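Some notes on the structure that comes next.
All values derive from a computational prediction rather than experimental measurement. All values below come from the heavy atoms of this structure, side chains included, with hydrogens, waters and symmetry mates left out.
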Amino acid sequence: MDRLENRTLELTIQKLDKDGNIEFKKVFDKLNVKFNYTKYIGMPNGGDGSVSICGLDRDTLNALISFSASSKTIKERKLIKLKAGYGDKKALIIDGSIMSAIPTTPPDIWLKCDIINSYELRHKIITTSIEKGLTLEEYSKTVADIIGIPLEMRITDDSYKNKKMSEQSFQGNVFQLTRTITKAFNYDKKKDRFGGISAYIDNETLIVDYYNLSADDKRTENPILISKDTGMVGLPEFSNDAQLANITTLLKPEIKVGDVIELKSEQIKGTNGLFFIQGITYTGEFRGNSWYSTLTCWRIK
């Protein structure tokens, strides 16, 4: 099990001018940082939450403090990246825009930053026409290229991958464009139902995922084990006839929304099995006791 005393953190803060040029960039690894950040399939912006920082130098503090309106946030972009993990193994868990940064009163000045993933993309208006006859993967790649970000396809079901889309004209913001993927390809002819495809942006990457997995799906072949021996904290919480689970573990930044886990609980063995991660909340305090990932999962039948 990873040891809390071996925890590590890297915080990168940038401020950009109106033309997108970097005004300053600073990287910290020794500051006291608290964070609470949630990613969830279906969230249009991919994730939001807060990061509180203690011990910033005066210049950085003054550059980040803001009570600005959203229009000013776009013009004065302040970005934050947070990597967390153990030892030399860290993974990116937060990559977003600082919406507001409000300091506490002395003597210990904390700067609480409200963070939204890819906020500036929400205001990027696109007018385009996408040709007909594209498969889901081809259509998704076209959308990613239009936005100017990488694509990660996480779908193994050929009945979705081989569907084709009619020609489409579009005008709107980036998140509305990603939703056209869901609208166009979300009908499962084999199962005669809608639902399953989810397209969203996470850490400047377009993710196209499928969450109505069955036990024979290829993605269930190598699940991530979650048990007390791998860092599970307390007992899982279940609802909806044990179909929905909230599972807390020591922080596991390598686990992503959309991953498949295998739950093994010795105390409540009847609820063990395979689950699809639909949401993750990361909670941590670099010099405190909190250092957790809370997984919101649906049971795979």
Side-chain angles (χ1 to χ4, degrees), residues 38-48 91-93 95-96 116-122 124 126 128-191 193-214 216-224 254-261 274-280 295-298 300:
T38 297
K39 297 181 178 182
Y40 203 89
I41 287 180
M43 291 178 68
N45 56 16
D48 58 32
L92 183 67
I93 61 174
D95 185 359
I116 289 183
N117 179 67
S118 304
Y119 179 77
E120 63 279 0
L121 290 180
R122 181 193 298 262
K124 183 178 180 181
I126 292 172
T128 188
S129 179
I130 300 176
E131 64 181 291
K132 64 180 180 180
L134 300 181
T135 64
L136 170 59
E137 187 164 5
E138 291 167 340
Y139 187 90
S140 301
K141 181 64 167 62
T142 300
V143 170
D145 289 344
I146 291 170
I147 299 172
I149 59 177
L151 169 69
E152 181 179 339
M153 292 290 296
R154 308 193 78 194
I155 297 176
T156 57
D157 189 334
D158 289 339
S159 68
Y160 278 95
K161 292 177 69 175
N162 295 331
K163 288 186 176 185
K164 294 188 177 182
M165 172 65 182
S166 59
E167 184 175 3
Q168 173 147 328
S169 297
F170 173 84
Q171 181 175 17
N173 67 39
V174 164
F175 292 106
Q176 291 168 333
L177 178 58
T178 63
R179 282 196 288 270
T180 67
I181 300 172
T182 303
K183 293 178 181 178
F185 293 94
N186 220 11
Y187 179 65
D188 186 337
K189 186 176 181 180
K190 182 171 62 176
K191 298 177 181 178
R193 69 178 183 185
F194 288 90
I197 296 292
S198 182
Y200 56 98
I201 295 173
D202 182 19
N203 294 343
E204 304 297 334
T205 299
L206 175 61
I207 311 292
V208 181
D209 209 342
Y210 177 67
Y211 54 86
N212 283 334
L213 298 179
S214 59
D216 59 355
D217 193 284
K218 295 177 183 177
R219 288 168 58 183
T220 66
E221 294 176 357
N222 297 294
I224 300 167
E254 72 279 7
I255 295 181
K256 299 185 295 184
V257 172
D259 284 344
V260 174
I261 64 168
L274 297 174
F275 289 83
F276 175 84
I277 300 176
Q278 191 151 3
I280 303 177
L295 315 177
T296 300
C297 314
W298 285 101
I300 296 174

Would you check if [X] and [Y] make a side-chain contact, meaning some heavy-atom pair closer than 4.5 Å?
{"X": "Val257", "Y": "Tyr40", "result": "no"}
{"X": "Ile207", "Y": "Ile201", "result": "no"}
{"X": "Pro150", "Y": "Leu206", "result": "no"}
{"X": "Val143", "Y": "Ile130", "result": "yes"}

Do the charged groups of Arg154 and Glu152 touch, with an N to O distance under 4.0 Å?
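A salt bridge is present here (some side-chain N lies under 4.0 Å from a carboxylate O).
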
Decide, yes or no, whether a salt bridge links Asp209 with Arg219 under the criterion of side-chain N to carboxylate O below 4.0 Å.
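So Asp209 pairs with Arg219 through a salt bridge.
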
Roughly how far, to the nearest 0.5 Å, is the [atom2] atom of [Y] from the [atom1] atom of [X]?
{"X": "Tyr200", "Y": "Thr205", "atom1": "OH", "atom2": "OG1", "answer": "10.5 Å"}
{"X": "Leu177", "Y": "Ile146", "atom1": "CG", "atom2": "CD1", "answer": "5.5 Å"}
{"X": "Ile224", "Y": "Lys256", "atom1": "CD1", "atom2": "NZ", "answer": "9.0 Å"}
{"X": "Ile147", "Y": "Phe175", "atom1": "CD1", "atom2": "CZ", "answer": "8.5 Å"}
{"X": "Ser140", "Y": "Ile181", "atom1": "OG", "atom2": "CD1", "answer": "4.0 Å"}
{"X": "Asp259", "Y": "Phe276", "atom1": "CG", "atom2": "CZ", "answer": "8.5 Å"}

Which pair of non-hydrogen atoms, one from [X] and one from [Y], has the smallest distance, and what is that distance?
{"X": "Ser129", "Y": "Ser169", "answer": "OG-OG, 3.9 Å"}
{"X": "Ile155", "Y": "Ile197", "answer": "CD1-CD1, 3.3 Å"}
{"X": "Lys39", "Y": "Asp202", "answer": "NZ-OD1, 3.2 Å"}
{"X": "Ile300", "Y": "Ser214", "answer": "CG2-C, 3.4 Å"}
{"X": "Leu151", "Y": "Ala144", "answer": "CB-CB, 3.9 Å"}

Contacts of [X] that satisfy side-chain hydrogen bond (donor to acceptor under 3.5 Å, both in side chains) - sequence neighbours left out:
{"X": "Asp95", "answer": "none"}
{"X": "Thr38", "answer": "Thr281"}
{"X": "Thr180", "answer": "Tyr139"}
{"X": "Thr142", "answer": "none"}

Show your working on side chain to side chain contact (heavy atoms under 4.5 Å, CB included) between Thr128 and Gln171 and close with a plain yes or no.
CA-CA 7 Å; Thr128 188; Gln171 181 175 17; over 6 Å; no

Please list, chain by chain and in numerical order, all residues satisfying salt bridge (Lys or Arg N to Asp or Glu O under 4.0 Å) with Glu138, sequence neighbours excluded.
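Scan of Glu138 (salt bridge (Lys or Arg N to Asp or Glu O under 4.0 Å), adjacent residues dropped) gives none.
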
Verdict with supporting geometry, Ile126 and Asn173, side chain to side chain contact (heavy atoms under 4.5 Å, CB included)
CA-CA 6 Å; Ile126 292 172; Asn173 67 39; over 6 Å; no

Walk me through whether Ile280 and Ile255 qualify under side chain to side chain contact (heavy atoms under 4.5 Å, CB included).
CA-CA 9 Å; Ile280 303 177; Ile255 295 181; 4.2 Å; yes

